[in-house]
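We name chains A, B, ... by the order of the sequence lines, and we start the count at 1 in each one.
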Number of protein chains: 2
Amino acid sequence: MLSINLTSVKLVNMRKTKEEAQKTKEKILTGALDCFSEQGYFNTSLDEIAKRAAVTRGAIYWHFKNKPEIFDALHGLLHEPFIQLILEDLEHDTEEPISQLKLLCIKLLNNLDENKTKTRIMKLFFECDYSGHLAQFKKTHQDKKLNSLKLFEQYFERAIQRKQLNPKTDPQILTLTLHCFLKGLLFEYLSGLELINIKKDGTKLINQFFEGLNQCHKAKP
Amino acid sequence: MLSINLTSVKLVNMRKTKEEAQKTKEKILTGALDCFSEQGYFNTSLDEIAKRAAVTRGAIYWHFKNKPEIFDALHGLLHEPFIQLILEDLEHDTEEPISQLKLLCIKLLNNLDENKTKTRIMKLFFECDYSGHLAQFKKTHQDKKLNSLKLFEQYFERAIQRKQLNPKTDPQILTLTLHCFLKGLLFEYLSGLELINIKKDGTKLINQFFEGLNQCHKAKP
DNA sequence: TTGACAACATACATCCATGTATGTATAATT
DNA sequence: AATTATACATACATGGATGTATGTTGTCAA
């Protein structure tokens, strides 16, 4: 005669406290980031995320509407502290805004390099294509990016006020040039190729950019 | 009694000549590019590509092994003429290699801006994440990129030979700096934001980069 | 203390994309 | 002229992902 020991049946389905719920939400986010980093956004199913976070898809659908919402949540995790760092730096009004900006750039790079989670999130947003279900976030995320651009512009405006810039130079073009350089630098750094080592070359590259190439001609005999 | 007029049955299934087959292959590629540009690589099915190219999935599976192979074929279409342009330019050994390089950059940008197909293919490869089934091409495509980087380096080496560069400057860092800037510039240009207008600002941005930011300090009273 | 609801787990239905197998008519080959 | 391989179209089988509906249990508020 078969007997089943009912006490051995796992009762997995018990409600968690608010704090525990918050923890599972975070577990889902880090699990999602793990998956996205390894296989890309479009190649990970909600089931894989669930397994990585040691929950079920039910938990995911409880905390998030769908996969795109997880994507957006990760974006917020990266962008807000980033903006904060620039805003704090802008509070100091030094005598040489451009040198200050140079130091900020180096600081931002090192800050990114030291935080693996930030690196992975940023990599995610550099590589993803905002198409299909992600299209809804394209504009929002780009607007946020534009805001950080506007922040950089303030350094150049201060430099103009202090007459440290040639009046001919266009601050908009300056900001764009810097933005393009930083973007490309990050893109290359995040690409997975070991082409750029921030610890080793980060400062050199920033310095080289701020010095420009024409400078070199001065070495002519 | 039912009668079927057999003469009215479309005989769609007729073999094409070699040239016609080549044309359908091209139709598939342009159809795929259309779809990828609009909805992204991962969000387009082979069926959508087939419809866009006015063929069936059968035709696609005849000409290509699968979707990743289409992706790779598009890459070849962009990269080869690009390399060719640089190689041709390198054949001219002018007296000011850095100015020559500057002009080449401007030329490359304008060349890209004038060819919508090239723009769309490049956009595709900037935005895609080489994960999942595309992982197999990551290394190959990156190696090709590294080769073009090596080509840029030659301009700086020539400048060194002509003693037009400060001996302190590291040509590797120079190449990397330029590469990062161009990459970021293209990235921003291709991002879909109208932040960068090549016709209007392309030359300005390149010039600004080659002049550098430190130059501006010379305007101090 | 007792509903009511939160926080999930489980089960189910549906759809869609992929790959392959098969059919077929014509161009190329002999 | 007969044969064969090409250049597809069509049909089928499969799996996997999504979303939703429903079940379960503990928590918290009244």
Would you call Arg120(B)-Asp34(B) a salt bridge at under 4.0 Å N-O?
yes
Taking CD from Glu26(B) and C1' from dC8(D), how many angstroms apart are they, rounded to a whole number?
17 Å
Can you see if the side chain of Thr24(B) gets near the phosphate of dC8(D) - specifically, an N or O under 4.0 Å from OP1 or OP2?
yes
Provide, to the nearest angstrom, the distance between the NE2 atom belonging to His133(A) and the C1' atom belonging to dG19(D).
12 Å
Nucleic acid contacts - residues 27-43 of chain A versus DNA chain D, non-hydrogen atoms under 4.0 Å
none
Nearest-angstrom distance from the residue atom CG of Leu46(A) to P of dG19(D)
7 Å
What do you reckon, are the aromatic ring centroids of His75(B) and Phe137(B) less than 6.0 Å apart?
no
Salt bridge between Glu127(A) and Lys123(A), side-chain N to carboxylate O under 4.0 Å?
yes
What residues from residues 53-73 of chain B pass a heavy-atom cutoff of under 4.0 Å to DNA chain C?
Arg57(B), Tyr61(B), Asn66(B), Lys67(B)
Atom pair distance, as rounded to whole Å: CD1 in Ile49(A) and C1' in dT18(D)
13 Å
If I take atom CD in residue Glu48(A) and atom C1' in nucleotide dT18(D), what distance separates them, rounded to the nearest angstrom?
14 Å
Between Asp93(A) and Arg158(A), is there a salt bridge with N-O shorter than 4.0 Å?
yes
Using a strict 4.0 Å threshold on nitrogen-to-oxygen distance, state whether Lys27(A) and Glu20(A) make a salt bridge.
no
Aromatic ring pairing Phe125(B)/His141(B), orientation class (parallel under 30°, perpendicular over 60°, tilted between)
perpendicular
Sequence neighbours left out, what pairs pass ring-ring contact (aromatic ring centres under 6.0 Å, His included) with at least one residue falling in residues 31-50 of chain B?
Phe42(A)-Phe42(B), Phe36(B)-Tyr41(B), Tyr41(B)-Phe71(B)
Among dA28(C), dT27(D), dA17(C), which nucleotide has an atom closest to any side-chain atom of Thr17(A)?
dT27(D)
Reading DNA chain C from 5' onward, which residue's closest nucleotide shows up sooner: Asp47(B) or Ala21(A)?
Ala21(A)
Any side-chain heavy atom of Asp129(A) sitting closer than 4.5 Å to one from Phe126(B)?
no
Heavy-atom check, side chain of Gln100(A) versus side chain of Leu104(A), under 4.5 Å:
no
